[in-house]
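What you see below is based on every heavy atom in this structure, not just the backbone, and it leaves out hydrogens, waters and symmetry mates. Predicted, not measured: the structure shown is a model, and the values here were computed from it.
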Amino acid sequence: MKLLLLETIINYSRSHGIPLYLAKALLDRYLLERDDFVRLEETYQRGIELTHYTEHLDPHDYVQFYYRMGIHAYALQRYDECINFCKIAFDRDESDNHMKAEALTAVIGSYLYLDDTTLAEVYLKEYKNSQFADFKQDHIQAMIYSKKGQYDKSISLYKELLHSVDKERRISIVVDLIEDCLRLGDTNTVNEIIASEATFFPSVPIKNPRRIEKMAKYLRLKGFYNFSIDKFDEGINHTLVSATHFKQIGQY
């Protein structure tokens, strides 16, 4: 019902040239729809439309919108766009807040996926200075070690993190740990990790698209591992379940 009302306001404001109400309605629609992970791409494009009217938003909404768009772009693996959107918000926001901290982790992750460890380390320093920094600062540091090929350091740090974070957050760390172990050909550790699945497998539904993606990657890795040890039925089952998780976030 709320979406129907917002669409009415958007159509009226657009046809009558009322940018103030158009911008606010577009923002409200975007915020309402962005948690539908299956439609991440479609909602993102709706957010792009709003970028043409952001000068009509109040300063707080302006900054929060660009943070959210940056994080949204990161979830869609649009790393350059993530960085650009977050930097627009950084330029207007001198405060220390939770959303800014989340945006910093997205920017750092984007630079790592773009193989720029130098800028990733620059923004990691800024993230560490935030009062909202948490275990992700160590996770990111381990990812930087991995990007530099320092797998002994990354694996050691990943293992430490598994003992210091709560169960629901461990799946992301596990995936990165397994990938580094496979790079070193350490299948024994991979087997041990999979055998200890009860200690890190989420017990409640995941509501974060990046974490859903990590779950999908874990199940895919587990499936491929089972193929490698001739457990074909288990491999097929885990690969199919992995596909259903990718589908949840529109990664068909």
Side-chain angles (χ1 to χ4, degrees), residues 34-35 37 40 67-68 70-77 79 82 86 96-113 120-121 123-147 151 153-182 189-223 225 238 241-242 244-251:
R34 76 190 295 273
D35 290 334
F37 300 150
L40 280 175
Y67 280 149
R68 292 179 187 278
I71 294 168
H72 198 153
Y74 183 63
L76 290 172
Q77 301 176 18
Y79 301 121
C82 167
C86 289
D96 182 22
N97 56 77
H98 182 266
M99 186 62 71
K100 184 176 185 177
E102 286 297 307
L104 282 168
T105 63
V107 167
I108 296 165
S110 294
Y111 277 123
L112 286 176
Y113 281 107
E121 290 177 320
Y123 281 94
L124 176 57
K125 289 179 181 178
E126 185 173 348
Y127 176 69
K128 287 180 176 180
N129 290 330
S130 170
Q131 64 175 317
F132 298 94
D134 56 18
F135 75 95
K136 287 190 284 292
Q137 59 187 306
D138 293 323
H139 190 173
I140 291 167
Q141 183 61 66
M143 292 169 67
I144 290 172
Y145 286 144
S146 179
K147 277 291 182 182
Y151 299 122
K153 289 184 177 181
S154 65
I155 289 171
S156 176
L157 191 47
Y158 285 139
K159 288 180 176 179
E160 288 179 23
L161 279 168
L162 286 178
H163 297 291
S164 61
V165 302
D166 61 80
K167 181 179 179 181
E168 308 307 324
R169 297 174 180 268
R170 291 174 185 168
I171 191 68
S172 298
I173 299 165
V174 164
V175 170
D176 292 339
L177 172 57
I178 289 176
E179 288 179 340
D180 276 5
C181 287
L182 290 175
T189 299
V190 173
N191 188 46
E192 291 173 5
I193 294 169
I194 292 174
S196 66
E197 188 175 279
T199 65
F200 62 79
F201 209 79
S203 54
V204 297
I206 303 174
K207 297 182 179 180
N208 179 300
R210 291 295 294 189
R211 209 167 290 162
I212 292 173
E213 182 184 26
K214 288 290 188 178
M215 172 63 78
K217 286 183 175 180
Y218 168 72
L219 291 166
R220 184 175 63 186
L221 285 168
K222 185 178 179 181
Y225 176 75
H238 288 120
V241 176
S242 168
T244 65
H245 281 75
F246 278 119
K247 183 180 178 181
Q248 288 178 35
I249 51 175
Q251 292 192 20

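Considering only heavy atoms from C-beta on, S130 stays 4.5 Å or farther from K100 through its side chain. The side-chain heavy atoms of T199 and K167, taken from C-beta on, include no pair separated by under 4.5 Å. Side-chain contact between F37 and Q248 is absent, with no heavy-atom pair separated by less than 4.5 Å. Taking the side chain as every heavy atom from C-beta outward, L161 and S164 approach each other to under 4.5 Å. Considering only heavy atoms from C-beta on, Q141 comes within 4.5 Å of I144 through its side chain. Contact annotation: the side chain of F200 never approaches that of L177 to less than 4.5 Å [non-hydrogen atoms, C-beta and beyond]. Under the 4.5 Å side-chain criterion, counting only non-hydrogen atoms from C-beta, M99 is in contact with R68. For the pair H245 and K217, the minimum side-chain heavy-atom distance is 4.5 Å or more.
Among all heavy-atom pairs drawn from A142 and L157, the shortest one is N-CD2, 3.6 Å. Here the shortest heavy-atom pairing between I249 and L40 reads O-CD1, 3.9 Å. When all heavy atoms are compared, the tightest approach of F132 to D96 is CE1-O, 3.4 Å. Contact detail for K147 and L112: the closest heavy-atom pair is CE-O, 2.9 Å. Pairing each heavy atom of Q251 with each of A75, the nearest pair is NE2-O, 4.4 Å. Between L162 and R170, the shortest heavy-atom contact is O-NE, 3.1 Å.
Residue pairs meeting the side chain to side chain donor-acceptor pair (under 3.5 Å) criterion with at least one member in residues 189-198, sequence neighbours excluded, are D186-T189, N191-Y225, E197-Y218, E197-K222. Applying the salt bridge (charged side-chain N to carboxylate O under 4.0 Å, His left out) test to residues at least two apart or on different chains, the pairs with a partner in residues 129-142 are E102-K136, D134-K136.
For the side-chain contact (heavy atoms from CB on, under 4.5 Å) test with I178, the passing option among D180, V175, D176, V174 is V174; the others fail.
Relative orientation of the Y111 and Y123 rings is parallel, given thresholds of 30° and 60° on the angle between their planes.
Put simply, NZ on K128 and CG on L104 are 13.0 Å apart, with the number rounded to the nearest 0.5 Å. Atoms OG and CG, from S172 and N208 in turn, are 7.5 Å apart once rounded to the nearest 0.5 Å. Annotation: the span from E126 atom CD to I108 atom CD1 amounts to 8.5 Å, rounded to 0.5 Å. To the nearest 0.5 Å, the span separating CZ on R169 from NZ on K214 amounts to 14.5 Å. Annotation: the span from I193 atom CD1 to K159 atom NZ amounts to 7.0 Å, rounded to 0.5 Å.
The closest donor-acceptor contact from the side chain of S146 to the backbone of Y151 lies at 3.5 Å or more, if one exists at all. Although no hydrogens or angles enter the test, the distance criterion places a donor-acceptor pair under 3.5 Å between the side chain of E168 and the main chain of S203.
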Evaluate side chain to side chain contact (heavy atoms under 4.5 Å, CB included) for Y113 paired with Q77, printing each intermediate quantity in order.
CA-CA 9 Å; Y113 281 107; Q77 301 176 18; over 6 Å; no

Could you go through the side chain to side chain contact (heavy atoms under 4.5 Å, CB included) check for Y67 and N97 one step at a time?
CA-CA 11 Å; Y67 280 149; N97 56 77; 4.2 Å; yes

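Under a cut-off of 6.0 angstrom, the local environment of NZ in K247 is sparse, with at most 12 non-hydrogen atoms contributed by other residues, nucleotides or ligands.
The distance between the ring centers of Y74 and Y79 falls below 6.0 angstrom.
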